[in-house]
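Note: hydrogens, waters and symmetry copies are ignored here, and every other heavy atom, side chains too, is used.
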Amino acid sequence: MSNTLLLVKDRLATVNLMPVLQVSLKRHYENLELLAQTLRGLGMDDREIDRNVLEVFEEYERELLRTISEMMKGAVQ
């Protein structure tokens with residue numbers, strides 16, 4: 001497992017969400033693992049793989065935070 005996947009796994013482990021969102025996080029992480037395997041199979045080196053996986057994860061992380069923020073705004077109103 002790459003250092004980036006370990007970092008992602010650790011960051012996701014610190015998130016305490018509803019079970020339905022935990023399922024989504026688990027599925028997303030599994031997709032990142034598959035992405036890393038696919039990129040490795042295409043001949044990319046570990047540094048390129050880490051960069052691509054981290055880029056995809058950070059976009060997902062931003063989207064998740066926006067979604068949670070919107071949910072919280074709705075709950076407060």
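Taking N31 as the reference, R27 meet the side-chain contact (heavy atoms from CB on, under 4.5 Å) condition, with sequence neighbours excluded. Residues passing the side chain to side chain donor-acceptor pair (under 3.5 Å) test with E55: none are found, sequence neighbours excluded. Taking the side-chain contact (heavy atoms from CB on, under 4.5 Å) definition, one finds that R62 meets it with E58, E59, R66, sequence neighbours left out.
Note that the OG1 atom of T4 and the NZ atom of K9 stand 14.5 Å from one another [nearest 0.5 Å]. Going from atom CG of L54 over to atom CD of E61 covers 9.0 Å, rounded to the nearest 0.5 Å.
Within the 4.5 Å cutoff, the side chain of E33 has no heavy atoms near those of the V53 side chain. No side-chain heavy atom of D45 sits under 4.5 Å from any side-chain heavy atom of I49.
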Intermediate values then yes/no, side-chain contact (heavy atoms from CB on, under 4.5 Å), L7 and D50: CA-CA 10 Å; L7 170 75; D50 285 349; over 6 Å; no
Take Y60 and S24 through the test side chain to side chain donor-acceptor pair (under 3.5 Å) and record every step on the way to the result. CA-CA 11 Å; Y60 175 74; S24 176; 3.1 Å; yes
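Distance alone, capped at 3.5 Å, is enough to place a donor-acceptor pair between the T38 side chain and the L34 backbone.
Taking the six-membered ring for Trp and thresholds of 30 and 60 degrees, F57 and H28 have ring planes inclined between 30 and 60 degrees apart.
Note on R40 versus D46: salt bridge recorded, some NZ/NE/NH1/NH2 to OD/OE distance being below 4.0 Å.
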